[in-house]
Amino acid sequence: MNLGSDNLAGASPKIMAALALAAQDTQNPYGQDDLSIAARAALNRVFEARAEIFFVATGTAANALALAQISKPWSAIFCHATAHINEAEAGAPESLTGGAKIVGIEGADGKINVAGLKAAAGRFRKGWQPHVQPAALSLSQVTECGTLYQQGELAALCAFAHEQGLKVHLDGARFANALVALGCTPAELSWKAGVDVLCLGATKDGAMACEAIMFFNPAHAAEFTWRVKRAGHVLSKGRLLGAQMLAWLDQDHWLDLARHANAMAAHLQQGLCEIAGVERAWPVEANEIFVWLPAAVQQRLRAAGITYASWPTLGTGFTDRPPHEGVFARFVTSFATTPDMIKTLLRVAK
Ligand SMILES: *Cc1c(COP(=O)(O)O)cnc(C)c1O
């Protein structure tokens with residue numbers, strides 16, 4: 001059993017069946033196939049939007065391409081210090097933007113607040129040649145700490161960003177988990193809150209590999225198709241992506257998968273926190289759990305072959321704990337996590 005991440009699970013049977021079916025007929029290439037066209041229409045229906053939509057196979061490509069579209073090589077892009085674009089994409093955003101400066105902002109629980117953004121943006125003087133020029137705010141929903149921006153927090157950040165002339169990018173690798181946790185509509189948690197471009201991840205929520213880039217203002221997507229092609233991210237058999245997205249959205253499959261993952265996380269964190277010495281770093285609001293595990297628990301899990309991710313303690317109260325006292329662990333539940341797995345894990349841990 002390995003709960004280190006939600007990309008360790010495979011794909012939902014419904015999505016794999018849709019892929020198998022998509023392999024059977026003749027279709028136009030490069031995203032002009034019937035499935036991709038239908039998937040774009042379905043996304044716009046679900047989001048009550050008229051977005052320009054593009055599909056790619058990785059979240060890193062989605063983020064980097066979207067950010068490149070809304071910035072210039074001499075831009076500043078603001079994000080939380082722990083953001084995936086800042087910490088876990090090997091410089092892809094810097095590369096595809098042609099060198100934009102990623103500016104990490106500290107903030108409790110993996111979240112930026114308006115004061116933090118204001119202070120960071122204030123470091124760069126507009127129109128002054130020596131400074132990079134602020135262009136974009138990038139937020140992660142779910143955040144890198146497994147927490148959520150409430151709709152009001154998101155709207156306030158977007159409003160301030162727009163006042164400053166920044167466009168807002170949302171890294172939605174776990175957008176579905178946030179959506180079902182907050183009980184918002186997709187529109188409320190994206191364009192109605194002020195998000196300009198959403199990278200909507202299906203991969204961690206039951207797809208094999210599929211991410212949608214949604215520009216809610218079609219003008220922002222001008223010539224984007226060449227940016228994607230030039231980077232080598234237009235799939236020849238684009239149906240591979242369209243088929244997954246269509247099956248993912250069909251009959252709220254994406255929401256069911258995310259609801260299940262979140263429920264498993266709630267169950268797991270409740271049981272873990274009952275164990276003496278286990279301490280939670282941040283509130284568990286979606287499908288990610290960050291806890292300090294005492295050495296005895298760590299040993300029991302290891303002996304039983306139960307794996308999680310050991311995580312950097314930065315930004316937590318555990319920074320100065322000696323390693324022999326335990327480990328800072330991340331558990332991520334997915335659509336494929338079963339109640340039996342949680343039961344076993346908790347029994348062993350206890
Ligand atoms: C997983 C993840 C991504 C996408 O990563 P890829 O591995 O490139 O698909 C982006 N943002 C966050 C917050 C993630 O957790």
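Everything numeric here is computed off the predicted structure, so don't read it as measured data. Residue numbers run from 1 in the order of the sequence given. Only heavy atoms go into these numbers, but all of them, side chains included; no hydrogens, no water, no symmetry mates.
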Quick one: does Ser95's side chain have a donor or acceptor within less than 3.5 Å of a partner on Gly91's backbone? no
Can you see which heavy atom on Val103 is nearest to which on Ala76, and at what distance? CG2-CB, 4.2 Å
Donor-acceptor contact present, side-chain Thr319 to main-chain Leu314, <3.5 Å: no
Which heavy-atom pair separates Trp292 from Pro294 by the least distance, and what is that distance? O-CD, 3.8 Å
If you compare all heavy atoms of Ala161 against all heavy atoms of Leu137, which two are closest, and at what distance to 0.1 Å? CB-CD2, 4.0 Å
Do Gln141 and Asn177 touch side chain to side chain, with heavy atoms closer than 4.5 Å? no
Less than 3.5 Å apart, which donor and acceptor atoms pair up between the side chains of residues 46-60 and the rest of the protein, not counting sequence neighbours?
from, atom 1, to, atom 2, distance (Å)
Thr58, OG1, Ala61, N, 3.0

Can the ring centres of Trp311 and Phe328 be said to be less than 6.0 Å apart? no
side-chain contact (heavy atoms from CB on, under 4.5 Å) between Asp256 and Val180, intermediate numbers included: CA-CA 9 Å; Asp256 292 339; Val180 297; over 6 Å; no
Would His84 and Glu89 count as having a side-chain donor-acceptor pair, cut-off 3.5 Å? yes
Between His253 and Ser12, does any side-chain donor sit less than 3.5 Å from a side-chain acceptor? yes
Donor-acceptor pair between His169 and Asn63 side chains, under 3.5 angstrom: yes
Minimal non-hydrogen separation, Leu157 against Val114, with atom names: CD2-N, 3.8 Å
Nearest heavy-atom contact between Ser140 and Tyr149 is O-CE1, 3.4 Å
Is it the case that Thr338 and Asp340 place a side-chain donor and acceptor less than 3.5 Å from each other? no
Salt bridge or not between Arg239 and Asp34? Use side-chain N to carboxylate O under 4.0 Å. no
Within 6.0 angstrom of Lys192 NZ, more than 12 heavy atoms from elsewhere: yes
Could you verify whether a donor N or O on one side chain and an acceptor N or O on the other, from His162 and Asp196, lie under 3.5 Å apart? yes
Looking only at heavy atoms, what is the nearest atom pair of Ala212 and Met245, with distance? CB-CE, 3.9 Å
Atom pairs and distances, side-chain donor-acceptor, residues 223-234, under 3.5 Å, sequence neighbours left out:
from, atom 1, to, atom 2, distance (Å)
Arg227, NE, Gln69, OE1, 2.7
Arg227, NH2, Gln69, OE1, 3.3

Pair Asn262, Asn287: side-chain N/O donor-acceptor within cut-off below 3.5 Å: no
Is it true that, when you exclude Lys350 itself, more than 12 heavy atoms of the residues, nucleotides or ligands shown sit nearer than 6.0 Å to its NZ? yes
Is there a side-chain contact between Phe290 and Thr316, using heavy atoms and a 4.5 Å cut-off? no
Applied to residues 317-332, the salt bridge (Lys or Arg N to Asp or Glu O under 4.0 Å) test, sequence neighbours excluded, yields Glu279-Arg321, Glu288-Arg330
Should we say atom NZ of Lys14 is surrounded by more than 12 heavy atoms from elsewhere, each under 6.0 Å from it? yes
Under 3.5 Å, side chain of Thr333 to main-chain N/O of Ala261, donor-acceptor pair present? yes
Would a 4.5 Å heavy-atom cut-off, applied to side chains only, mark Leu96 and Leu67 as touching? no
Backbone N or O of Ala18 within a donor-acceptor pair of the Gln244 side chain at under 3.5 Å? no
Is the closest basic N to carboxylate O distance between Arg174 and Asp6 below 4.0 Å? yes
